[in-house]
Undergrad: 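Sharing a structure with you now.
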There are 2 protein chains.
Amino acid sequence: MGNIRTIPSQCGTVSDMDARSPSPPSPWLPFASRRRARDEKREAVLRMAVALFLEQGYHRATLNEVARRLNITKPALYNYFRGKDEILFECWAIGNELVDDCIAETSSGGGSGLDKLRKLLLLYAELMTEDYGKSLVRFDIRDLSEDNRKIVRTAKRRIDRAFRDYIAQGIADGTIKPCDPKLAAFAIAGSLNWIGHWFQPDGAMTGKAVAEEFAIRLTEGIATTSKRKKADKPPGTSKPSREDRGEHHARTAPRAAGQSKRTRHRLR
Amino acid sequence: MGNIRTIPSQCGTVSDMDARSPSPPSPWLPFASRRRARDEKREAVLRMAVALFLEQGYHRATLNEVARRLNITKPALYNYFRGKDEILFECWAIGNELVDDCIAETSSGGGSGLDKLRKLLLLYAELMTEDYGKSLVRFDIRDLSEDNRKIVRTAKRRIDRAFRDYIAQGIADGTIKPCDPKLAAFAIAGSLNWIGHWFQPDGAMTGKAVAEEFAIRLTEGIATTSKRKKADKPPGTSKPSREDRGEHHARTAPRAAGQSKRTRHRLR
DNA sequence: TCCGTATATTACCCATGGGTAATAAATAGT
DNA sequence: ACTATTTATTACCCATGGGTAATATACGGA
């Protein structure tokens with residue numbers, strides 16, 4: 001019946017949406033040999049859902065379409081999730097765990113406040129170029145249940161605090177110029193979050209390249225010592241190498257196992 | 001029947017929505033003496049709509065609710081607009097005209113590239129603290145008709161170009177350090193656009209204060225000469241004066257008259 | 001005072017899409 | 001093989017909300 005078509009798009013500084021990741025594969029063969037690990041399929045639903053939600057927007061995306069792209073039908077999804085909003089929440093939750101990984105990795109490594117801030121910037125920025133990272137800033141908290149909304153708000157505060165703490169720490173140890181940590185964090189996080197709105201993997205720069213550029217640029221203004229890798233000349237306007245980009249740091253793979261903490265509702 | 005309640009909220013660095021402007025007044029008296037200028041009422045619909053769209057999100061907000069808050073009924077709205085998506089577009093269009101004003105004001109005033117960039121930053125940032133400004137970055141382009149979508153994309157490119165041009169100009173005249181104008185514009189605009197996501201008028205800072213802070217901070221990193229108004233001490237973490245905030249620069253009032261150019265469809 | 005126009009209202013249509021009930025197919029265990 | 005369990009399917013329900021048709025009310029002008 002309803003034949004939905006994908007929508008064109010384009011980047012832009014002010015806003016503009018739409019991220020067409022090449023649409024993840026499905027573990028469901030077209031109505032034939034089934035029975036693979038439950039978690040694997042649950043995972044596949046989320047990967048497909050997050051891609052579709054980003055591509056079309058949560059409200060325009062239908063569960064029918066999510067299911068169709070997985071070679072199954074809508075009611076099958078209810079074996080793994082309570083409803084659409086729970087799928088949205090789980091997508092967000094995965095992104096949130098990835099951010100936690102970033103923070104943990106940053107905190108464990110030593111260095112000055114500025115060093116840590118730069119490290120977090122780098123990891124966070126790169127995350128913003130991936131689907132689950134984008135879900136953190138593109139999804140609307142108001143689409144969630146009241147309970148999940150509370151969880152999200154708490155998590156956001158945690159992330160915010162990480163940025164502010166590093167800045168405050170940098171001011172204390174003299175690597176960052178005196179400034180208001182709150183506002184500085186807002187300014188920096190704003191830039192980073194916006195990456196999730198304009199970055200498209202098929203652009204001129206890789207996610208890693210964008211992340212590295214932003215990590216330097218956003219700390220130039222508040223660092224007490226300037227630090228440019230390649231002299232002061234205009235940094236090559238693009239790093240089109242695109243090299244490997246394989247396994248930049250624990251991601252996707254390790255996720256499959258050990259769904260870990262949080263309110264992971266096991267159904268039935 | 002359906003009794004909709006407003007939703008709680010809170011700011012946050014990562015995302016978080018919801019802007020509760022005190023809900024604009026309605027020119028429709030509760031089903032009594034009517035007949036005021038048509039444009040005035042059209043304007044009122046847009047003001048109420050933009051506030052509701054920001055408060056609840058476009059898809060959750062209903063035309064019934066827009067109408068109810070205006071003391072009218074849904075079909076009455078169709079005297080002024082073709083449909084919901086056109087209302088959304090018109091909200092965006094007003095915001096866009098305000099940005100154009102910012103650019104025009106900046107371009108007309110002289111100064112170095114850095115001066116112009118700072119000026120535009122200041123005006124743009126302040127705009128992001130207001131409803132129509134927020135609509136530029138919070139509304140989803142995919143909710144528009146194909147025609148209007150094209151218009152929006154073109155306009156966004158124009159704005160983007162303004163930022164890049166000033167940066168390039170600054171590099172040329174030596175007031176801005178050599179850098180990639182495209183990425184620098186993305187970083188700056190990202191910070192500014194994000195204001196539209198977290199700023200709430202009832203917070204600790206006024207829109208003007210936020211704008212001034214960001215205008216300085218975001219140019220510190222790329223300026224060839226540092227420029228801090230109040231020495232280098234931590235700038236008062238808040239400017240709680242809240243003074244007048246009256247008529248910061250042509251806005252709202254002048255808008256009422258002369259709907260001006262663009263595809264303003266006169267109905268019937 | 002009566003009419004025409006603009007602008008409301010009430011009452012409805014209906015497409016969309018989230019969600020559910022009943023049932024069928026596949027697999028694992030014994 | 002037979003059965004229990006999981007995991008699909010088909011067929012349906014129904015609340016929501018954008019949009020429309022028919023009609024009523026108010027106002028300006030002659």
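Chain naming here is simple, since letters A, B, ... match the order of the sequence lines and numbering starts at 1 in each.
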Undergrad: Looking only at side-chain N and O atoms, does A:Tyr80 come under 4.0 Å of OP1 or OP2 in D:dA8?
TA: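 Result: yes.
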Undergrad: Answer yes or no: is there a side-chain heavy-atom contact under 4.5 Å between A:Leu121 and A:Phe163?
TA: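 Yes, their side chains come closer than 4.5 Å.
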Undergrad: Between A:Ile87 (CD1) and C:dG17 (C1'), how many Å, whole number?
TA: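 After rounding, the reported distance stands at 13 Å.
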Undergrad: With a cut-off of less than 4.0 Å, is there a side-chain N or O of B:Lys41 near OP1 or OP2 of C:dA8?
TA: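 True: B:Lys41 side-chain N/O within range (under 4.0 Å) of C:dA8 OP1/OP2.
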Undergrad: Would you kindly give the CG-to-P distance between A:Asp39 and D:dT7, to the nearest whole Å?
TA: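 Checked: the CG to P distance equals 10 Å.
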Undergrad: Measure the OG1-CG distance between A:Thr73 and A:Leu63 for me, rounded to the nearest 0.5 Å.
TA: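 That separation rounds to 11.5 Å.
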Undergrad: Between C:dT7 and B:Arg38, is there an OP1 or OP2 to side-chain N/O distance shorter than 4.0 Å?
TA: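 Yes, B:Arg38 has a side-chain N/O under 4.0 Å of OP1/OP2 on C:dT7.
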Undergrad: Sequence neighbours left out, what passes side chain to side chain contact (heavy atoms under 4.5 Å, CB included) with B:Lys150? Give chain and number order.
TA: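 B:Lys150 satisfies side chain to side chain contact (heavy atoms under 4.5 Å, CB included) with B:Glu146 once adjacent residues are dropped.
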Undergrad: Find every protein N or O atom lying less than 3.5 Å from an N or O atom of nucleotides 18-22 of chain C, and list the pairs.
TA:
{"residue": "C:dG18", "atom": "OP1", "partner": "A:Lys84", "partner atom": "NZ", "Å": "2.9"}
{"residue": "C:dG18", "atom": "OP2", "partner": "A:Leu63", "partner atom": "N", "Å": "3.0"}
{"residue": "C:dG18", "atom": "N7", "partner": "A:Lys74", "partner atom": "NZ", "Å": "2.8"}
{"residue": "C:dG19", "atom": "OP2", "partner": "A:Tyr78", "partner atom": "OH", "Å": "3.0"}
{"residue": "C:dG19", "atom": "OP2", "partner": "A:Lys84", "partner atom": "N", "Å": "2.8"}
{"residue": "C:dG19", "atom": "O5'", "partner": "A:Tyr78", "partner atom": "OH", "Å": "3.3"}
{"residue": "C:dG19", "atom": "N7", "partner": "A:Lys74", "partner atom": "NZ", "Å": "2.9"}
{"residue": "C:dG19", "atom": "O6", "partner": "A:Lys74", "partner atom": "NZ", "Å": "2.8"}

Undergrad: What is the distance, to the nearest angstrom, from the CD1 atom on A:Ile72 to the C1' atom on D:dT10?
TA: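 Rounded to the whole Å, the gap is 15 Å.
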Undergrad: Apply side chain to side chain contact (heavy atoms under 4.5 Å, CB included) to B:Ser191 and list each qualifying residue two or more places apart in sequence or on a separate chain.
TA: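 Partners of B:Ser191 by the side chain to side chain contact (heavy atoms under 4.5 Å, CB included) criterion, ordered by chain and then number, come out as A:Ala187, A:Ser191, B:Phe214, B:Leu218.
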Undergrad: Does C:dA8 have OP1 or OP2 under 4.0 Å away from a side-chain N or O of B:Asn79?
TA: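 So the side chain of B:Asn79 is within the cut-off, an N or O lying under 4.0 Å from OP1 or OP2 of C:dA8.
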Undergrad: Answer with yes or no after comparing the ring centroid distance for A:Phe139 and A:Phe89 against a 6.0 Å cut-off, counting only values under it.
TA: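 So the answer is no for these two rings.
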Undergrad: Is A:Lys134 close enough and on-axis enough to A:Phe53, meaning under 6.0 Å and within 45°, for cation-pi?
TA: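 Ring-cation test returns no.
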